[in-house]
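What you are looking at is a predicted structure, and each value in this text was computed from that prediction instead of being measured.
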Amino acid sequence: MTSCTPLLILRHADVLVTMDDQRREIRDGAVVVQGPAVAWVGPSDALPAPYAEALAAGRAEAIDLHGHVLMPGLVNTHHHMVQSLTRAVPEAQDAELFGWLGSLYPLWARLTPEMVQVSTKTAMAELLLSGCTTTSDHLYLYPNGSRLEDAIEAAAAMGMRFHAARGSMSVGRSAGGLPPDEVVEREDAILADSQRLIERWHDPARHAMLRIVLAPCSPFSVSRDLMRASAALARATGVSLHTHLAENDNDIAYSREKFGMTPAEYAEDLGWVGRDVWHAHCVKLDEAGIRLFGRTGTGVAHCPCSNMRLASGIASVGAMRRAGVPVGLGVDGSASNDGAHMLGEARQALLLARVGFGPAAMTAREALEIATRGGAQVLGRDDIGALAPGMSADLVAFDLRGVGHAGAGHDPVAALVFCQPANAALSVIHGRVRVRDGQLVDRELAPLLERHRALAQQLVEAARHPHTA
């Protein structure tokens, strides 16, 4: 222990859920945070003498967590944060995926750099308050001068650990794709910008706060050439790959008609399988695809709320996990969920699995594992998702003393998932407190939300009345 490194001691948690290799759950648990990493984990009454002495001498901050469950921060593997500006838009309330996209593309074509920044901060605030400490965001259109830096700067301001996915669309309607031509980019420009972003921003180091991901949007909006070129660039530079795959029946039909393949066969043909790849949704991934993903370690971002909202179906998460497929949790875009509560998403994952496959399909602890360790594996990280010495100091605590958890003290860990989803009382990211007493630290939420509301109205009105905007 060095005296110059700040110490934070979280102690007396009713239960500490470590999600370590032994899946230990420690009653009256404590965690010592030193700088950006976890230094010690164990029972509060076993706190090593040097830490107890530092506490007594005022060289450490202590936070008492009586009545709380303390656990690793939740990991969100799929999001579209700009969509927080277009929640509950009437034109897209009752459509499946392709119709929903068709209604919203004209709105998103009017996004501005400020809209990207403000919507990203707002979406991250929602995630932070729900217990999320690491998130990916798939930004796949860049109108009116918008850049991925608009999201990157927002993440830095909010203090979230961020995997910024440089999404793209290059095949518009005139070329047989789904998006309007006005929102697609030239493929040479996409690849050049991808290279620039990796060189400027990607951090491969342990405890990295920012990583870049290459993420052509979907089979119906990019070419096979761009998919292959993106994979080659990603592997040459050591970054991950992400896209949408096998989301609903229309998605399957498009792949069969355009490529003569199932989505999984298409992914394999393009080199889009492996431990450096994860696909969003995979609701309609067939048995052969599940075996392929398990054999190659290809990850899946499971998005239960969005899949239900768009009537896409029920992903076979249990079969995927049994086959060895890495599965994480994703809230998906705020216009297809229309929320971004990670603990609520874990609850929905459990409930949807049981609707589809029976009461033993998923346990509460499996849902929490998918939301922590599972997400870390999908993102290709071995430094988050569990609490053990040397892991990143990303921790969240939930207060279970409120009315929503009354009578659930028999199993506080399961209560996190079975009961009303709680907001985080405490969130620590990279060793820094970001949520305290259920409130954001160093961030005034009200002015942010006021500006967000104004921009959301401006965006929708401009699209509905283009000649008067």
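Put simply, the side chain of Trp40 never gets that close to the backbone of Ala388: no donor and acceptor are under 3.5 Å apart. Put simply, the side chain of Asp394 gets close to the backbone of His430: a donor and an acceptor are under 3.5 Å apart.
Under the 3.5 Å distance criterion, with hydrogens and angles disregarded, no donor-acceptor pair is assigned to the side chains of Ser334 and Ser84.
By the 4.0 Å N-to-carboxylate-O rule, Glu444 lies too far from Lys121 to be salt-bridged with it. A salt bridge is absent between Arg161 and Asp383; no separation between the charged side-chain nitrogens and carboxylate oxygens falls under 4.0 Å. Salt-bridge formation is detected for the pair Arg309/Asp338: a Lys NZ or Arg NE/NH1/NH2 atom is positioned less than 4.0 Å from an Asp or Glu carboxylate oxygen. Note on Arg87 versus Glu126: salt bridge recorded, some NZ/NE/NH1/NH2 to OD/OE distance being below 4.0 Å. In summary, Glu149 and Arg196 engage in a salt bridge, as defined by a charged side-chain N under 4.0 Å from a carboxylate O. For Arg59 and Glu53, the salt-bridge test fails: no basic side-chain N is under 4.0 Å from an acidic carboxylate O.
Rounding to the nearest 0.5 angstrom, the gap separating the CG atom in Leu111 from the OG atom in Ser146 is 6.0 Å. Rounding to the nearest 0.5 angstrom, the gap separating the NE2 atom in His202 from the CG atom in Leu210 is 9.0 Å. Atom-to-atom distance recorded for Asn423:CG and Gln439:CD is 9.5 Å, nearest 0.5 angstrom. To the nearest 0.5 Å, the span separating CZ on Arg200 from CD1 on Ile198 amounts to 14.0 Å. Taking CG of Leu445 as the reference point, atom CG of Leu128 lies at 10.5 Å (rounded to 0.5 Å). Annotation: the span from Arg434 atom CZ to Leu395 atom CG amounts to 14.0 Å, rounded to 0.5 Å.
The nearest pair of heavy atoms linking Cys217 to Val222 is N-CG1, 3.8 Å. Trp272 and Met227 get closest at one heavy-atom pair: NE1-O, 2.8 Å. Closest approach of Glu345 and Cys305 over heavy atoms only: OE2-N, 2.9 Å. The two residues Ile384 and Ala376 have their closest heavy-atom pair at O-CB, 3.3 Å. A pairwise comparison of heavy atoms in Ala361 and Ala353 identifies CB-O, 3.4 Å as the closest pair. Closest of all the heavy-atom pairs between Leu197 and Ile212 is O-CG1, 3.7 Å.
For Thr296, the side chain to side chain contact (heavy atoms under 4.5 Å, CB included) criterion is met by Val273, Leu292, Thr298, not counting sequence neighbours. Applying the side chain to side chain donor-acceptor pair (under 3.5 Å) rule to Gln22 yields no partners; only residues at least two apart in sequence or on another chain are considered. Residues satisfying the side chain to side chain donor-acceptor pair (under 3.5 Å) test with Thr135, not counting sequence neighbours, are Asn76. By the ring pair (Phe, Tyr, Trp, His ring centres under 6.0 Å) test, His12 pairs with His66, sequence neighbours left out. With sequence neighbours left out, His279 forms a ring pair (Phe, Tyr, Trp, His ring centres under 6.0 Å) with Phe293. Every side chain to side chain contact (heavy atoms under 4.5 Å, CB included) that Thr363 has, sequence neighbours left out, goes to Arg365, Glu366. For Phe162, the ring pair (Phe, Tyr, Trp, His ring centres under 6.0 Å) criterion is met by no residue, not counting sequence neighbours. Residues satisfying the side chain to side chain contact (heavy atoms under 4.5 Å, CB included) criterion with Thr18, sequence neighbours excluded, are Leu16, Asp20, Arg24, Ile26, Val41.
Centroid-to-centroid, the aromatic rings of His244 and His78 come within less than 6.0 Å. His79 and His138 have their aromatic ring centers separated by at least 6.0 angstrom.
The salt bridge (Lys or Arg N to Asp or Glu O under 4.0 Å) analysis of residues 60-76, with sequence neighbours excluded, yields the pairs Glu61-Arg436. Judged as a salt bridge (Lys or Arg N to Asp or Glu O under 4.0 Å), the pairs with a partner in residues 318-335 (not counting sequence neighbours) are, in order, Arg321-Glu369. For the salt bridge (Lys or Arg N to Asp or Glu O under 4.0 Å) condition, the pairs that include at least one residue of residues 203-212, sequence neighbours left out, are Arg206-Asp382. Residue pairs meeting the salt bridge (Lys or Arg N to Asp or Glu O under 4.0 Å) criterion with at least one partner in residues 29-52, sequence neighbours excluded, are absent.
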* List the steps and the verdict of side chain to side chain donor-acceptor pair (under 3.5 Å) for Ser218 and Ser221. => CA-CA 5 Å; Ser218 64; Ser221 61; 2.8 Å; yes
* Asked: Does the side chain to side chain contact (heavy atoms under 4.5 Å, CB included) test come out yes or no for Thr77 and Ser136, once each step is laid out?
  -> CA-CA 5 Å; Thr77 61; Ser136 177; 5.5 Å; no
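Looking at heavy atoms from C-beta onward, Leu233 lies in side-chain contact with Gln195 at the 4.5 angstrom threshold.
A cation-pi contact links Arg166 to Tyr142, judged by a cut-off of 6.0 Å to the six-membered ring centre and 45° from its axis.
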